[in-house]
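One structure is given below, encoded as structure tokens.
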Amino acid sequence: MTKVTLISGSTMGSAEYVAEHMAEILEELGHETEIQHGPKLDDLTLEGIWLVVSSTHGAGDLPENIQPLFDSIEESAPDLSQVQFGSVGIGSSEYDTFCGAIHKIDALLIKQGAKRIGECLEIDVQQHEIPEDPAGEWVKIWANEL
């Protein structure tokens, strides 16, 4: 069907696990997937479908492994008008900056011309001890929009 590039930004590994779980579901639904944990901009094709999964670190900060990608997009301002994407954030509602990282990434991708598919999923680890569970349900619905 469709190729989906999953991009994860993770500090403790939870976003990587979520991305891998969603890739399995997408493959079961007949999609081709590629997983990039903390890629550089040069590692990505600037077209197609991206599914970005990021935890939030510190006070709404991006995880270290995805910060270079964010900085590259911000500095080089590539044309992302051929990219469609989904956004999944993992955070704790204990903090004012709940899912702050994915909101920053989401806004930057849109600023560069990418089009979001569906709504951004915000996974609250206070409510979901296993973030793969809500992500798995969400990605099934999201895949219908591809």
Side-chain angles (χ1 to χ4, degrees), residues 1-41 43-74 80-146:
M1 292 177 93
T2 306
K3 180 180 179 186
V4 179
T5 300
L6 292 98
I7 300 165
S8 72
S10 192
T11 300
M12 305 295 284
S14 60
E16 291 178 6
Y17 299 138
V18 168
E20 290 166 3
H21 180 66
M22 289 193 302
E24 289 174 12
I25 292 170
L26 288 167
E27 288 171 8
E28 289 170 6
L29 296 172
H31 299 283
E32 179 186 345
T33 64
E34 173 188 10
I35 300 175
Q36 296 269 347
H37 298 304
K40 295 182 173 115
L41 185 56
D43 297 333
L44 301 169
T45 56
L46 303 184
E47 60 184 26
I49 299 175
W50 296 357
L51 181 50
V52 184
V53 183
S54 182
S55 59
T56 296
H57 178 68
D61 300 323
L62 278 68
E64 285 183 24
N65 74 329
I66 203 166
Q67 187 71 52
L69 173 63
F70 183 89
D71 293 344
S72 291
I73 293 172
E74 200 169 48
L80 299 180
S81 61
Q82 300 304 306
V83 172
Q84 293 182 301
F85 72 99
S87 297
V88 177
I90 303 168
S92 173
S93 59
E94 290 179 313
Y95 298 97
D96 294 342
T97 55
F98 174 61
C99 288
I102 199 64
H103 294 299
K104 290 176 184 176
I105 295 167
D106 189 88
L108 180 62
L109 294 177
I110 290 170
K111 178 182 175 189
Q112 294 312 128
K115 317 258 182 317
R116 186 172 2 95
I117 300 169
E119 295 298 315
C120 178
L121 172 64
E122 297 176 346
I123 300 171
D124 184 357
V125 296
Q126 296 299 314
Q127 295 178 12
H128 301 282
E129 190 174 319
I130 302 171
E132 290 91 330
D133 292 345
E137 294 305 311
W138 178 88
V139 77
K140 292 174 191 173
I141 296 165
W142 183 80
N144 288 331
E145 298 186 43
L146 299 179

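Every value quoted in this text rests on a predicted model; they were computed, and no experiment measured them. Positions are given from 1 along the sequence.
With values rounded to the nearest 0.5 angstrom, Leu80 atom CG is found 9.0 Å from Phe85 atom CZ. For the atom pair CG (Leu51) and OG (Ser8), the distance works out to 10.5 Å, reported to the nearest 0.5 Å. Atoms CD and CG, from Glu34 and Asp43 in turn, are 8.5 Å apart once rounded to the nearest 0.5 Å. Put simply, CD on Glu132 and CD on Glu20 are 9.0 Å apart, with the number rounded to the nearest 0.5 Å. Here the CD1-CG distance, from Ile117 to Asn144, works out to 12.0 Å after rounding to the nearest 0.5 Å. Separating the OH atom in Tyr17 from the CE atom in Met12 is a distance of 9.5 Å, to the nearest 0.5 Å.
The shortest side-chain heavy-atom distance between Pro39 and Ile7 falls under the 4.5 Å cut-off. Contact of the Ser87 side chain with the Arg116 side chain is registered, since non-hydrogen atoms from C-beta on lie closer than 4.5 Å. Within the 4.5 Å cutoff, the side chain of Ile123 has heavy atoms near those of the His128 side chain. The shortest side-chain heavy-atom distance between Thr5 and Gln36 falls under the 4.5 Å cut-off.
Closest approach of His31 and Leu146 over heavy atoms only: CE1-CD1, 3.7 Å. Counting all heavy atoms, side chain and backbone alike, Gln126 lies closest to Ser92 at NE2-OG, 3.1 Å. Looking at every heavy atom in both residues, Ala15 comes nearest to Val53 through O-CG1, 3.7 Å. Taking both residues in full, the closest heavy atoms of Ala143 and Leu29 are given as CB-CD1, 3.8 Å, listed atom of the first, atom of the second, then distance. The minimum heavy-atom distance linking Ala23 with Ile35 is given by the pair CB-CD1, 3.7 Å. Shortest non-hydrogen contact noted between Thr33 and Leu6 is CB-CD1, 3.8 Å.
With a 6.0 Å radius and a threshold of 12 heavy atoms from other residues, nucleotides or ligands, Glu145 has its CD atom above the threshold. Sparse packing is recorded around CD of Glu119, with 12 or fewer heavy atoms of other residues, nucleotides or ligands lying under 6.0 Å away. The number of heavy-atom neighbours closer than 6.0 Å to NZ of Lys111, taken from other residues, nucleotides and ligands shown, is 12 or below.
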Mind running side chain to side chain contact (heavy atoms under 4.5 Å, CB included) on Met22 and Val4 for me, showing each step along the way? CA-CA 10 Å; Met22 289 193 302; Val4 179; over 6 Å; no
Kindly determine whether Trp142 and Val88 satisfy side chain to side chain contact (heavy atoms under 4.5 Å, CB included), including the steps that lead there. CA-CA 11 Å; Trp142 183 80; Val88 177; over 6 Å; no
Between Glu137 and Ile141, is the side chain to side chain contact (heavy atoms under 4.5 Å, CB included) condition met? List the steps. CA-CA 7 Å; Glu137 294 305 311; Ile141 296 165; 5.8 Å; no
Set out, in order, the CA-CA distance, both residues' side-chain angles and the distance that settles side chain to side chain contact (heavy atoms under 4.5 Å, CB included) for Phe98 and Thr56, then state yes or no. CA-CA 7 Å; Phe98 174 61; Thr56 296; over 6 Å; no
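Among residues two or more places apart in sequence or in another chain, the side-chain hydrogen bond (donor to acceptor under 3.5 Å, both in side chains) test is passed with Asp124 by Ser93.
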Let me check something: any side-chain donor-acceptor pairs from residues 60-69 under 3.5 Å, sequence neighbours excluded? List them with distances.
| unit_1 | atom_1 | unit_2 | atom_2 | d |
| --- | --- | --- | --- | --- |
| Asn65 | OD1 | Ser10 | N | 2.8 |
| Gln67 | NE2 | Asp71 | OD1 | 2.8 |

